K.L.:
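My questions all concern the structure below.
Protein chains get the first letters and strands the later ones, always in sequence-line order, with residue 1 at the start of each. All values derive from a computational prediction rather than experimental measurement.
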There are 2 protein chains.
Amino acid sequence: MSSDTAGKPSRRERMRAETITEIKASARRQLLDHGPSGISLRAVARDVGVSPAALYRYFDSLDALLTALCCDFYDELIDETRAAMDASPPERHLERMKSWVWTFRSWSVSHKREFELMLSFPEDQGSLSACPPNPIESPDDLDPITQKSIEHSRMCGLELAEFYRQSDGEGFDFGQVDMPELSPGLERELVEQCATLIIGDTVPLTWTYAFISGWVRVFGLVVMEAFGNLPVTENVDEFYKAQIMSMLKEFGLD
Amino acid sequence: MSSDTAGKPSRRERMRAETITEIKASARRQLLDHGPSGISLRAVARDVGVSPAALYRYFDSLDALLTALCCDFYDELIDETRAAMDASPPERHLERMKSWVWTFRSWSVSHKREFELMLSFPEDQGSLSACPPNPIESPDDLDPITQKSIEHSRMCGLELAEFYRQSDGEGFDFGQVDMPELSPGLERELVEQCATLIIGDTVPLTWTYAFISGWVRVFGLVVMEAFGNLPVTENVDEFYKAQIMSMLKEFGLD
DNA sequence: AAATTTTGCTAACGCCGTTAACCCTAATGA
DNA sequence: TCATTAGGGTTAACGGCGTTAGCAAAATTT
């Protein structure tokens, strides 16, 4: 072994890293040109100028390559979302949450192909749903993609918790949320899920309900727009803004 | 040609129809066992006990077979939804719309694999979004799947129009809908889209907005649940009912 | 300089969708 | 009734795919 935890990158390691990014770049190009199912190992090999078998020195399988691609996409999405949120000062929680929604949407729509791929990973349990799969098992031994999807979701959830914590007693009327009567079982599940989502802190049940409702709406919006089935196409921005306003109303906010 | 429009089915035609359903049945079995991408023409041929090339006498391509499958699924879904709606008398529009949502949901969740396939058809313009693609071009030369998806959507849309038409002046306060201010362009687009959706009849703008909002929510719910990412898993039924109540609130109804 | 690890290669296996060429049989029409 | 078709089946092949085994060369480590 050459450099375990903190050694400087050897020449070989640099080359290897370069090759990996080259492979992923080629795969992404194919994704953009021919869609998720149009990515072919052999075509990538041709593109990179190498034999098909050589790719297996870098990725265990085609699936592993796609997974790596997805991870990169999540990183991109998370970076952009975080940057957009941080454009507002830390105490403007509402604006920061709006930025989260807005950036999630605009990234997804301007990266339809990437979004499509992310939607179908991991196999048989599509991700990007803005909601981590339930129930959450052990904290860390989930596949990397699910972890990143949770990280992405939590950015918004944590902001909500902060919002509640800091604005308590500052004039917001938290009882104003429009929520139907819920069965005790559902209430418990919402609270528990909220606890795994919005770490440590507890927000009122009504907020949890409104938050999850909002997630569902955002997810529906983004998927429909990305797949070209939103009934609004010319004034989408306006429509999104209206939808965000409607969601805020569910929180009893203007 | 033997029987063009109304001739009795010849022996050959009966055999052919039988073979076709046998092929589709085998393909559906593979769909259930191995997912959408696990359907293989050669495997179907093996299963049916025929050479791979023989299948081309019945379907032009694998894609054509999948399309035919999807059509059948839509027919199933539409049949079930219509039956569920017709379990309530024609004048109980609210109940009928609830049945639409409920059946759409339960069919999709209990037919995850089928749902998954439908979601990705037609290529590069996923369907089943409960919203026809926009803008709608010519009325009839759309691909059959899109047509059926529109038919499915319209069942609910027409019911809404009926609801409005028959209950006008019967005590509902149609101005009560919570809707943010919309830009003139968005208003126009909503009204136009509404006209293509809910044929002939016009409902108030607020209802159109609430209706489309509801669609987005239903779609988000169904997709998330079908993909296993709904944060509620134990009390899903209760959660759906609560969400339906919330949507009704958007209409100003209890 | 020797030993070892990494990275590439070629060749092959077994899938896949699709097509071409040919054959047999059942329905058709004179 | 008999020749003609058209429908439904075959086999064989093409080119693509993901993946593996085995081997050679280069780069690193010892």
Side-chain angles (χ1 to χ4, degrees), chain A residues 1-5 7-24 26-27 29-31 33-70 117 120-123, chain B residues 1-4 7-24 26-27 29-31 33-70 117 120-121 123:
Chain A
M1 243 147 260
S2 51
S3 82
D4 30 32
T5 51
K8 60 256 165 213
S10 75
R11 175 197 151 80
R12 263 241 262 262
E13 278 167 335
R14 267 189 302 114
M15 296 302 276
R16 183 177 177 81
E18 264 179 48
T19 313
I20 286 183
T21 62
E22 197 178 347
I23 292 173
K24 290 197 289 195
S26 168
R29 242 173 285 130
Q30 284 191 49
L31 172 66
D33 290 347
H34 313 106
S37 62
I39 305 180
S40 140
L41 263 190
R42 296 186 107 104
V44 170
R46 278 191 298 269
D47 194 28
V48 176
V50 97
S51 83
L55 295 185
Y56 284 80
R57 302 288 179 197
Y58 299 92
F59 295 96
D60 287 342
S61 64
L62 172 62
D63 212 73
L65 170 57
L66 299 182
T67 303
L69 266 191
C70 275
L117 185 65
S120 58
F121 265 76
E123 186 73 23
Chain B
M1 238 146 265
S2 50
S3 83
D4 30 31
K8 60 256 164 215
S10 75
R11 176 194 152 81
R12 269 244 260 259
E13 278 166 336
R14 268 189 303 112
M15 296 303 275
R16 182 176 178 82
E18 264 178 47
T19 311
I20 286 184
T21 62
E22 197 178 348
I23 292 173
K24 291 197 288 196
S26 168
R29 244 174 282 132
Q30 283 189 52
L31 172 66
D33 290 347
H34 313 107
S37 62
I39 305 181
S40 140
L41 264 189
R42 295 186 106 103
V44 170
R46 277 190 300 269
D47 194 28
V48 177
V50 99
S51 82
L55 295 186
Y56 284 80
R57 303 283 178 195
Y58 300 91
F59 296 97
D60 287 341
S61 64
L62 173 61
D63 213 73
L65 171 56
L66 299 183
T67 303
L69 266 191
C70 275
L117 186 65
S120 56
F121 265 75
E123 186 74 21

K.L.:
To the nearest Å, give me how far apart CG (A/Asp60) and P (D/dG18) are.
P.N.:
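It is 15 Å, rounded to the nearest whole Å.
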K.L.:
Could you state the NE2-P distance from B/His34 to C/dC16, rounded to the nearest angstrom?
P.N.:
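Those two atoms, NE2 and P, are 11 Å apart.
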K.L.:
Could you tell me how far apart B/Leu62 (CG) and C/dT19 (P) are, to the nearest whole angstrom?
P.N.:
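These atoms are roughly 12 Å apart.
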K.L.:
Rounded to whole Å, how long is the line connecting atom CZ of B/Phe59 with atom C1' of D/dG7?
P.N.:
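It works out to 16 Å between those atoms.
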K.L.:
For a 4.5 angstrom cut-off between non-hydrogen side-chain atoms, does A/Thr67 reach A/Phe59?
P.N.:
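No, every pair of side-chain atoms sits at 4.5 Å or beyond.
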K.L.:
Using only side-chain N and O atoms of B/Ser51, determine if any of them is under 4.0 Å from OP1 or OP2 of D/dT10.
P.N.:
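So the side-chain polar atoms of B/Ser51 do come within 4.0 Å of the phosphate oxygens OP1 or OP2 of D/dT10, strictly under.
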K.L.:
Counting any heavy atom closer than 4.0 Å, what does B/Ala54 reach on the DNA or RNA strands: base, sugar-phosphate only, or nothing?
P.N.:
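Base contact.
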K.L.:
Rounded to whole Å, how long is the line connecting atom CZ of A/Arg14 with atom P of D/dT28?
P.N.:
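It is 9 Å, rounded to the nearest whole Å.
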K.L.:
Show, in sequence, the C-alpha distance, side-chain angles and deciding distance for B/Leu69 and B/Ile39, and conclude whether the side chain to side chain contact (heavy atoms under 4.5 Å, CB included) test is met.
P.N.:
CA-CA 11 Å; B/Leu69 266 191; B/Ile39 305 181; 4.3 Å; yes
K.L.:
Mind running side chain to side chain contact (heavy atoms under 4.5 Å, CB included) on B/Arg42 and B/Arg46 for me, showing each step along the way?
P.N.:
CA-CA 6 Å; B/Arg42 295 186 106 103; B/Arg46 277 190 300 269; 4.1 Å; yes
K.L.:
Rounding to an integer number of Å, can you tell me how far A/Arg42 CZ sits from C/dC15 P?
P.N.:
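It is 16 Å, rounded to the nearest whole Å.
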K.L.:
Compare side-chain N and O positions of B/Thr19 against OP1 and OP2 of D/dG8 and report whether any pair is under 4.0 Å apart.
P.N.:
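No, outside the criterion.
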K.L.:
Does any N or O in the side chain of B/Thr19 come within less than 3.5 Å of the main-chain N or O of B/Met15, such that one atom is a donor and the other an acceptor?
P.N.:
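Yes: the side chain of B/Thr19 pairs with the backbone of B/Met15.
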K.L.:
Just N and O in the side chain of A/Ser61: are any of them under 4.0 Å from OP1 or OP2 of D/dG18?
P.N.:
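It does not, given that no N or O in the side chain of A/Ser61 lies less than 4.0 Å from OP1 or OP2 of D/dG18.
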K.L.:
If you compare every side-chain N and O of A/Arg16 against the phosphate oxygens of C/dT7 (OP1, OP2), does one of them come in below 4.0 Å?
P.N.:
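For C/dT7, OP1/OP2 do have a side-chain N/O of A/Arg16 under 4.0 Å.
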K.L.:
Under the side chain to side chain contact (heavy atoms under 4.5 Å, CB included) criterion, do B/Leu65 and B/Leu55 qualify, and how do the steps go?
P.N.:
CA-CA 10 Å; B/Leu65 171 56; B/Leu55 295 186; 5.8 Å; no
K.L.:
Do any side-chain nitrogens or oxygens of B/Arg57 fall under 4.0 Å of OP1 or OP2 in D/dG9?
P.N.:
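For D/dG9, neither OP1 nor OP2 has a side-chain N or O of B/Arg57 closer than 4.0 Å.
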K.L.:
Can a side chain N or O of A/Ser40 be found less than 4.0 Å away from OP1 or OP2 on D/dC17?
P.N.:
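So the side chain of A/Ser40 is within the cut-off, an N or O lying under 4.0 Å from OP1 or OP2 of D/dC17.
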K.L.:
Would you mind reading off the distance between A/Leu41 atom CG and C/dG8 atom P, rounded to a whole angstrom?
P.N.:
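So the two atoms are 15 Å apart, to the nearest Å.
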K.L.:
To the side chain of A/Arg12, which of D/dA27, D/dG8, C/dG17 is closest?
P.N.:
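The listed nucleotide nearest to A/Arg12's side chain is D/dA27.
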K.L.:
Reckon B/Tyr56 has a side-chain N or O less than 4.0 Å from the OP1 or OP2 of C/dA21?
P.N.:
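No, because none of the side-chain N or O atoms of B/Tyr56 sits under 4.0 Å from OP1 or OP2 of C/dA21.
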K.L.:
Could you give the CD1-to-P distance, from B/Ile39 to C/dC15, as a whole number of Å?
P.N.:
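Distance, rounded to whole Å: 19 Å.
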K.L.:
More 5' along DNA chain D: B/Val50 or A/Arg46, using each one's nearest nucleotide?
P.N.:
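So the residue in question is B/Val50.
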